[in-house]
2 protein chains.
Amino acid sequence: MSPIRRLTDQYPTLATVAERAGVSRQTVSNALNNPELLREDTLQRVQAAIDELGYTPNRAARQLRTRSSHMIGLRFEPAQEGTSNALMDRFVHTLVETTAETGHHILLFSGAADDPLDGYDELLRATAVDAFVITDTYTGTAETELLRRVGAPFVTFGRPWDDPDAAHPWVDVDGARGACLATEHLVSVGHRRIAWLGWEETSRIGEDRRSGWEQSMADHGFDTRGLGVRTTDNVDAARMEAHKLLEDRTVTGFCCASDTLAIGVLHALHERGLRPGIDVGVVGFDDSLGAHVTWPGLTSVRQPLEQVARELVELVHSVLSHRPVEPLGRMLEPTLVVRRSTVPDAPRPGTIPRAASSAATRG
Amino acid sequence: MSPIRRLTDQYPTLATVAERAGVSRQTVSNALNNPELLREDTLQRVQAAIDELGYTPNRAARQLRTRSSHMIGLRFEPAQEGTSNALMDRFVHTLVETTAETGHHILLFSGAADDPLDGYDELLRATAVDAFVITDTYTGTAETELLRRVGAPFVTFGRPWDDPDAAHPWVDVDGARGACLATEHLVSVGHRRIAWLGWEETSRIGEDRRSGWEQSMADHGFDTRGLGVRTTDNVDAARMEAHKLLEDRTVTGFCCASDTLAIGVLHALHERGLRPGIDVGVVGFDDSLGAHVTWPGLTSVRQPLEQVARELVELVHSVLSHRPVEPLGRMLEPTLVVRRSTVPDAPRPGTIPRAASSAATRG
DNA sequence: ATGAAAGCGCTAACAT
DNA sequence: ATGTTAGCGCTTTCAT
């Protein structure tokens, strides 16, 4: 239990501790950073002084000397009305916890919405961060090119889609595999005519996911003609596309690129008096809040965001310690969360849990 | 346009700029921090050198000297399975953007789940943050007491419920007013027998919201006996309570403490063949993702989280510059977002938007 | 209006 | 195994 100390006091410094322990400042520093250099009894004496005084090294001083801030930068995009990083949340949580294990912190920064590079350079020049975690690789390669050019350490959530020269470590989740899991699940509960409801063709991630459905269908020898539909990621757009597809009464399965689209399908089923999970099977992608609470519960592909975060942190540490990373990329497997939109007797929908923060609780 | 510079080079320092501009280091420092001290032509020469070299002051050095990190700490709670700070997201976004305007950044940290104080003290001793934003005031006053005791600057999202001695600035949203809005809305569309479905009595926020419903009902002279129910914040629990309430066929309105509870009510209506917005009106609280996408769209109380964030940042600046804050607390008004669960011809449910980050998009 | 000197708290390099 | 010296890049104070 460290003693209470007011901010207006000076916090203890190395010198304070050194005097208290009757050693030099350097010895205290060594006790912290190279304890194996100290004799056992000296170490204990120093440690006692540190505890008594409640000493914690001044980050600024350490950072100035070592040129390492122990900060990892994460750009938090400007919020747009209606957007939400609900999933990001699981990811960021784990990022914060994992980096904390090595005394690192996450520094959130923003940048001009129209400039993906804004913010990075300044933090580097100010030596405010040691490395970046980038989560926007699907938008293009602008950030990664910039950071490579200036030699800044970084890792990405997302494979380098369009950049064969990329040499940075990355972690990604296999979207095609996710769609494959979804399709196989629909087949296993008896569906044969399974539609794909996905994003526009310009979405790399969307096309990747779609390829999993195509592959699965082909493996079973099922015809996909007329069953693959692309639209905007919107409940109502999906609802309307679903109505069109459902005019073909043989269509009984929907594999969707997102929970939003899947929920649109559920709306269409509702309007037609079709029973989700009984008459028609629907699978979403994200395992978002909507999948948890929507009636009657939405089966969805879930990404291992926690594992993504942990592996990214591991990669950051490798990069910072100049350890070679081999292989450069790690592809993780999504899983399927089964609910009543495909299996009638699956558990009931759960909660929008009261989050740990009051902002969520009160919301 | 600043020149490209590799990390392996040294970044330019004050000395570099001074040499380039033919002045002393101090003059460059003044150009940055007290430009009014310089002669116009000197200032321009220095500014030109800064631009040419792409100079940005080293944060560590500045921080060591000024004892100000320009960091604001925000504790990000450990993630628990199934929890989500979906709403936090809007809040944090705005926090990041607003603090950026004055060159501040948000530092995310974690702490042991079982110790609300963990993490704060260490950041203070390390002089890693200038101030904290606390979002957990409903859990108790442990953090605020600690920070007050050590004299650390902080502001809170949430009024100091149990702490008459609190002297810190805060911003909160009037939950009672939100429930009042919801109740009045239900009355305005013709409901008279309006039930309250809320949290357990131990929840201060829950009781505050409930009081708004009670007040509104009383103002209209409506009887609330048997209509106020408390349960856990869970879709299924709410579904079952709703069924009980709906056995009284005169009950046609539900005012809920959360979207989760409201969605549970919608499930119950569905199971009874009752039409939301036509036979029964339902209002949630949060305007969460679930409210956006759930069928047929959920009317919900929305908190001005963006404004909360902006006001908190303003308060932080006041505290840091020792400006007196008067009044200490600011209570903001929620608004009502009307959807089809109360008004049949309201706009259709929208999207779970693809967020700006790939983590969300891919999720 | 500009410059010189000192020092924030730490650690790397070297000396003992 | 421990101590001494120097200096990271900046701003504050004081001198010019």
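All chains are named by letter (A, B, ...) in the order of the sequence lines, taking the proteins before the strands, and each is independently numbered beginning at 1. All figures in this text were calculated on a predicted structure; none of them were measured in a lab.
Going from atom CG of A:Asn30 over to atom P of C:dG9 covers 20 Å, rounded to whole Å. Counting to the nearest Å, the P atom of D:dT2 and the CG atom of A:Asn34 are 13 Å from each other. One atom, CZ of B:Arg125, and another, P of C:dG9, lie 15 Å apart when rounded to the nearest Å. B:Arg25 places its CZ atom 11 Å from the C1' atom of D:dC8, with the value rounded to the nearest Å. What separates CG of B:Asn33 from C1' of D:dC10 is a distance of 9 Å, to the nearest Å. Atom CG of A:Asn58 is separated from atom C1' of D:dG9 by 14 Å (rounded to the nearest Å). Per the geometry, CZ belonging to B:Arg59 stands 18 Å off C1' belonging to C:dC8, to the nearest Å. The interatomic distance linking A:Leu37 (CG) with D:dT2 (P) rounds to 9 Å, in whole Å.
The side chain of A:Ser24 lies closest to D:dG3, out of D:dC8, D:dG3, D:dT12. Comparing C:dA12, D:dC10, D:dT11 by their closest approach to the side chain of A:Gln26 singles out C:dA12. Comparing C:dT11, C:dG3, C:dG9 by their closest approach to the side chain of A:Leu14 singles out C:dT11.
Residue A:Arg67 is classed as a sugar-phosphate contact, given heavy-atom separations below 4.0 Å to backbone atoms only.
Position along DNA chain D of the nearest nucleotide to B:Leu32 versus A:Leu38 favours A:Leu38 as the more 5'-ward residue. Heavy-atom nearest nucleotides on DNA chain C were determined for B:Leu64 and for B:Glu36, and the one closer to the 5' end corresponds to B:Glu36.
OP1 and OP2 of C:dT2 both lie 4.0 Å or more from every side-chain N or O belonging to B:Thr27. For D:dT11, neither phosphate oxygen OP1 nor OP2 lies less than 4.0 angstrom from any side-chain nitrogen or oxygen of B:Thr66. Contact between the side-chain N/O atoms of B:Thr42 and the OP1/OP2 oxygens of C:dT2 is found at a separation under 4.0 Å. For A:Tyr55, a side-chain nitrogen or oxygen approaches OP1 or OP2 of C:dC10 to under 4.0 Å.
Side chains of A:Arg62 and A:Asn58 form no contact here, defined as non-hydrogen atoms less than 4.5 Å apart.
Looking at A:Arg62, its side chain has no donor and acceptor atom pair within 3.5 Å of the base of C:dT11. Interface remark: the B:Arg39 side chain does not form any donor-acceptor pair with the C:dT2 base, using a distance-only criterion of under 3.5 Å.
Nearest heavy-atom pair across B:Arg59 and A:Thr127 is N-OG1, 4.2 Å.
Applying side chain to side chain contact (heavy atoms under 4.5 Å, CB included) to B:Leu312 and the options B:Thr156, B:Ile72, B:Thr99, B:Val133 leaves one that passes, B:Val133. Put simply, the residue from A:Asp118, A:Ile134, A:Leu117, A:Thr135 that forms a side chain to side chain contact (heavy atoms under 4.5 Å, CB included) with A:Arg75 is A:Asp118.
A distance of 10.0 Å separates CG of A:Leu328 from CZ of A:Arg330, quoted to the nearest 0.5 Å.
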